[in-house]
Amino acid sequence: MSVTKKFLYVNRRAPYGTIYAWESLEVVLIGAAFEQDVALAFVDDGVYQLAKGQDTKGIGMKNFSPTYSALGDYDINKIYVEKESLEARGLTLEDLQHLVWEDEDEDWAEKDSIQVVTSAELADLMEQQDVVLSF
Amino acid sequence: MKLSIQVNEGPYQHQATDSAYNFTKAAIEAGHEIFRVFFYHDGVNNGTRYTTPPQDDRNIVDRWSELSAEHDLDLVLCVAAAQRRGLVDEGEQERNKKDGNNIAPGFRISGLGQLIEAGIQSDRLVVFGD
């Protein structure tokens, strides 16, 4: 399949209240095999999906948050977090996992995957996509 | 135009499945091609033939099956989502040693790759859900 499209996965919900976050991540991981141009966006309560130090023992659910740190290995390195959503929740970049990828073209230099973008910038990014999957 | 549909919510619980059905039907009637309808999350519950709504209500599952029979619609339930929620076809029954199966006519169970492929192959992927 030679067509390459721009896929954006928009994650809008908290990680454990519903299954949307986890099943979104499953699509992202499977989709990685199709070698498309993939980006992820985290908005609203979705920003909590990337929060570091998650502990799910008390609710008896699988803590899937370590999976996000594997995204770089799947060549998924465009992860956009909406600035307004962080601010509304009293969060900063420091509260999120440090996600990185290795740039093959620069001798595997480690680079940050997360970019904090404004709502307006995110709207522009959405405009540029071929496929937007919202979870 | 070539369209694919993604249904993310369960039947009766949420209007998304009704909207998806109405949209799909209208698109076909308007001459568009439906490449695939992909059911994800609780949307897989659209594909159980054990659904028995009261007689004065619409039968959402039968409606999909009939539309599929009429127009050769490809109705796909995500296998991972289906396994979590107890949606089983003959193959899955065999593989997971279950005592029965419940998939409705016209539906098939397959992987998430079918959703990505639908996104690649279609002019538009239309998502129904919250």
Side-chain angles (χ1 to χ4, degrees), chain A residues 1-46 48-49 60-62 64 67 70-71 74-76 78 125-135, chain B residues 1-11 13-17 19-20 23 32-47 74 76-87 109-130:
Chain A
M1 220 174 309
S2 58
V3 187
T4 302
K5 285 191 173 182
K6 290 167 81 75
F7 277 69
L8 177 69
Y9 297 89
V10 182
N11 299 285
R12 298 172 292 134
R13 295 181 177 83
Y16 303 102
T18 61
I19 200 170
Y20 295 103
W22 172 229
E23 287 193 333
S24 169
L25 195 51
E26 288 192 326
V27 182
V28 172
L29 296 174
I30 297 283
F34 286 76
E35 296 183 347
Q36 301 294 301
D37 183 355
V38 172
L40 272 59
F42 292 86
V43 301
D44 299 341
D45 280 350
Y48 287 119
Q49 293 179 28
M61 290 186 197
K62 175 170 148 185
F64 57 84
T67 312
L71 291 175
Y74 286 85
D75 290 329
I76 296 168
K78 292 189 288 277
L125 282 164
M126 285 184 181
E127 184 67 29
Q128 295 161 20
Q129 305 301 314
D130 296 307
V131 182
V132 178
L133 292 155
S134 175
F135 294 100
Chain B
M1 196 177 269
K2 194 192 286 186
L3 302 169
S4 282
I5 312 296
Q6 183 182 344
V7 183
N8 284 341
E9 310 291 343
Q13 170 80 8
H14 201 294
Q15 195 186 334
T17 74
S19 300
F23 180 91
H32 296 291
E33 178 191 345
I34 304 293
F35 178 75
R36 179 168 294 148
V37 183
F38 191 87
F39 297 86
Y40 198 42
H41 304 307
D42 278 355
V44 296
N45 290 313
N46 279 271
D74 189 19
V76 178
L77 308 182
C78 165
V79 62
Q83 285 178 335
R84 286 193 180 104
R85 294 166 177 85
L87 273 290
I109 293 180
S110 190
L112 277 168
Q114 301 271 307
L115 172 62
I116 307 296
E117 189 200 15
I120 295 170
Q121 297 296 327
S122 308
D123 299 309
R124 296 281 189 279
L125 174 67
V126 187
V127 184
F128 291 86
D130 273 340

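Every chain is numbered from 1, with letters handed out A, B, ... down the list of sequences. Here the structure is a predicted model, which means the values were calculated and not measured.
- Contacts of B/Asp130 with chain A are made by both backbone and side-chain atoms, with heavy-atom separations under 4.5 Å.
- Within a 6.0 Å radius of CD in A/Gln128, other residues, nucleotides and ligands contribute more than 12 heavy atoms.
- Atom CG of A/Asp75 sits in a sparse spot, with 12 or fewer heavy atoms from other residues, nucleotides or ligands closer than 6.0 Å.
- Around CD of B/Glu33, the count of heavy atoms belonging to other residues, nucleotides or ligands within 6.0 Å exceeds 12.
- Annotation for A/Val27 and B/Leu112: closest pair CG2-CD2, 3.6 Å, computed over non-hydrogen atoms.
- In terms of heavy atoms, B/Ala80 sits closest to A/Glu26 at CB-OE1, 4.1 Å.
- Using a 4.5 Å cut-off between heavy atoms, A/Phe7 touches chain B through its side chain atoms alone.
- Counting only heavy atoms from C-beta outward, the side chains of A/Ile19 and B/Arg85 approach each other to under 4.5 Å.
- Considering CD1 of B/Ile116 and CD of A/Gln36, their distance stands at 8.0 Å, rounded to 0.5 Å.
- Heavy-atom distances place no part of B/Arg124 under 4.5 Å from chain A, backbone and side chain included.
- Annotation: the span from B/Ile120 atom CD1 to A/Asp130 atom CG amounts to 10.5 Å, rounded to 0.5 Å.
- When the side-chain hydrogen bond (donor to acceptor under 3.5 Å, both in side chains) test is applied to B/Tyr40, no partner is found at least two apart in sequence or on another chain.
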